[in-house]
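Here the structure comes first, spelled out in structure tokens, and everything after it is commentary.
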Amino acid sequence: MKEWKSYLFCGAFDGETDILNALGGLNVYNVGIGLHDSLFNIQRYLSRSSEIKNVIFLGSAGAYPHSTLKIGDIVYSYKFLYKDLAEIKQLAKVPDVLTKHALTDMDQKIVSMVKKLGFTETITNSMNYVTMTNLSSEELFASLYDVGVENMEAFSLAYACSRLGINFTAFYYVTNIVGEKGSEDWAKNWREGSNILQRKIAKYL
């Protein structure tokens, strides 16, 4: 695993990284759930580990209903958006001075990985919660027309890595469709989905 020594494989919690961690020889770290813990923990880790040049996030995601994605798909992202539900529903204004987009660089080894494994590229929207309402077609197309999935940690990780000049790519197993039943489906599907995603990555390594 020496060829991966400059890579950090991370997840929100142990269930998203346990298979990779059991391989040994990889840098594996859990950043915590949500925007706050993940931002703090990834920045703290990277400030103490100068050898890390690439961060790979393994997690789960809900697919927006207007996307072509379905439960069981595996996708990757290097384009990230922070679009709050209150802003989508025009209940609040997020000031323009706040960073709402993050674009990260992908290492060539990761580009080769996604091509070999056949993962689908998508754009991620990331907030500090799970959407528990059904968005209208008008809301989806007006605010998220080119966005495929929703994940709680991705934006903060992408933001930190981009500011530090570190490559970052997120991989997700699609566990649910965003909406009223999304959380229930996530609870039923995340463990199997994490096993599938981690094993595909482990086999490639």
Side-chain angles (χ1 to χ4, degrees), residues 4-21 23 26-47 49 51-63 69 73-82 99 101-114 117 119-130 147-176 186 189-191 193-202 204-205:
W4 297 97
K5 67 179 181 179
S6 67
Y7 293 75
L8 174 64
F9 295 85
C10 61
F13 57 97
D14 185 61
E16 295 182 332
T17 59
D18 50 355
I19 294 174
L20 287 183
N21 196 35
L23 293 178
L26 295 174
N27 300 306
V28 179
Y29 181 63
N30 297 320
V31 296
I33 296 173
L35 295 177
H36 302 144
D37 280 349
S38 59
L39 180 61
F40 173 78
N41 287 323
I42 195 65
Q43 184 173 352
R44 180 175 61 174
Y45 185 100
L46 294 173
S47 69
S49 306
E51 70 173 6
I52 300 299
K53 306 300 180 186
N54 303 275
V55 174
I56 311 301
F57 177 65
L58 284 77
S60 59
L69 300 172
D73 286 346
I74 295 179
V75 298
Y76 74 96
S77 188
Y78 61 94
K79 298 175 183 178
F80 305 89
L81 174 71
Y82 177 85
T99 301
H101 302 86
L103 177 65
T104 55
D105 292 324
M106 288 179 63
D107 177 79
Q108 188 56 47
K109 288 176 71 171
I110 303 304
V111 172
S112 298
M113 178 190 291
V114 297
L117 295 176
F119 294 167
T120 301
E121 179 184 334
T122 194
I123 300 174
T124 305
N125 188 36
S126 194
M127 301 92 70
N128 205 32
Y129 51 78
V130 176
V147 180
V149 297
E150 179 177 286
N151 172 271
M152 289 179 62
E153 296 79 30
F155 184 83
S156 59
L157 297 174
Y159 176 78
C161 288
S162 65
R163 292 293 299 269
L164 294 170
I166 293 173
N167 298 328
F168 176 77
T169 312
F171 294 90
Y172 319 109
Y173 181 93
V174 176
T175 52
N176 59 278
W186 177 87
N189 296 326
W190 79 264
R191 178 69 267 185
S194 179
N195 290 348
I196 292 170
L197 175 57
Q198 288 190 74
R199 285 170 181 160
K200 283 182 178 291
I201 300 294
Y204 180 87
L205 300 179

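Residue numbers start at 1 and run along the sequence shown.
Proximity of Val55 to Thr104: side-chain heavy atoms (C-beta onward) are nowhere separated by under 4.5 Å. Contact annotation: the side chain of Lys200 never approaches that of Phe171 to less than 4.5 Å [non-hydrogen atoms, C-beta and beyond].
Residues forming a side chain to side chain donor-acceptor pair (under 3.5 Å) with Ser126 (at least two apart in sequence, or on another chain): none. Applying the side chain to side chain donor-acceptor pair (under 3.5 Å) criterion to Thr122, with sequence neighbours excluded, gives no partner residue. Residues satisfying the side chain to side chain donor-acceptor pair (under 3.5 Å) test with Asn54, not counting sequence neighbours, are Asn167. Not counting sequence neighbours, the partners of Tyr45 by the ring pair (Phe, Tyr, Trp, His ring centres under 6.0 Å) test are Tyr29. Residues that satisfy the salt bridge (Lys or Arg N to Asp or Glu O under 4.0 Å) test with Asp73, not counting sequence neighbours, are Lys70. Every residue meeting the side chain to side chain contact (heavy atoms under 4.5 Å, CB included) condition with Leu117, not counting sequence neighbours, appears here in chain and number order: Met113, Phe119, Ile201, Tyr204. For Phe13, the ring pair (Phe, Tyr, Trp, His ring centres under 6.0 Å) partners two or more places apart in sequence, or in a different chain, are Trp190. By the ring pair (Phe, Tyr, Trp, His ring centres under 6.0 Å) test, Tyr7 is found to be paired with Trp4, residues two or more places apart in sequence or in another chain being considered. Every residue two or more places apart in sequence or in another chain that forms a side chain to side chain donor-acceptor pair (under 3.5 Å) with Asp18 is listed here: Arg191, Gln198. Annotation: ring pair (Phe, Tyr, Trp, His ring centres under 6.0 Å) contacts of Phe80 (sequence neighbours excluded): Phe168. Considering only residues two or more places apart in sequence or on other chains, Glu51 meets the side chain to side chain contact (heavy atoms under 4.5 Å, CB included) condition with Asn27.
To the nearest 0.5 Å, atom OH of residue Tyr173 and atom CD of residue Glu16 are 13.5 Å apart. Expressed to the nearest 0.5 Å, how far CG of Leu58 lies from OG1 of Thr17 amounts to 8.5 Å. Here Asn30 contributes atom CG and Asn41 contributes atom CG; the two are 9.5 Å apart, rounded to the nearest 0.5 Å. Atom OG of Ser6 and atom CD1 of Ile52 lie 7.0 Å apart (nearest 0.5 Å). Here the straight-line distance linking atom CG of Leu164 with atom CG of Leu46 works out to 6.0 Å at 0.5 Å rounding. Within the model, atoms CZ of Phe57 and OG1 of Thr169 stand 12.5 Å from one another, a figure rounded to the nearest 0.5 Å.
In this structure, Val114 and Val111 approach most closely via the heavy-atom pair CG2-O, 3.2 Å. Across all their heavy atoms, Leu23 and Ala202 have their closest contact at CD1-CB, 3.7 Å. In terms of heavy atoms, Ile123 sits closest to Val147 at O-CG1, 3.4 Å. Taking each heavy atom of Ala63 and Val174 in turn, the nearest pair found is CB-CG1, 3.8 Å.
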Report the C-alpha separation of Ile166 and Leu8 in whole Å, then their side-chain angles, then the decisive distance to 0.1 Å, and conclude whether the side-chain contact (heavy atoms from CB on, under 4.5 Å) test is met. CA-CA 11 Å; Ile166 293 173; Leu8 174 64; over 6 Å; no
Decide yes or no on side-chain contact (heavy atoms from CB on, under 4.5 Å) for Tyr76 and Ile110, but give the supporting numbers first. CA-CA 10 Å; Tyr76 74 96; Ile110 303 304; over 6 Å; no
Throw together a table of side-chain donor-acceptor distances under 3.5 angstrom for residues 148-159, partners on residues two or more places apart or in other chains.
unit_1	atom_1	unit_2	atom_2	d
Glu150	OE1	Tyr64	OH	2.8
Glu150	OE1	Thr131	OG1	2.7
Glu150	OE2	Thr131	N	3.0
Glu150	OE2	Thr131	OG1	3.3
Asn151	OD1	Glu153	N	2.9
Asn151	OD1	Ala154	N	2.9
Asn151	ND2	Ser60	O	2.7
Glu153	OE2	Gly34	N	2.8
Ser156	OG	Leu35	O	3.4
Ser156	OG	Ser38	OG	2.6
Ser156	OG	Glu153	O	2.9
Tyr159	OH	Arg163	NH1	2.7

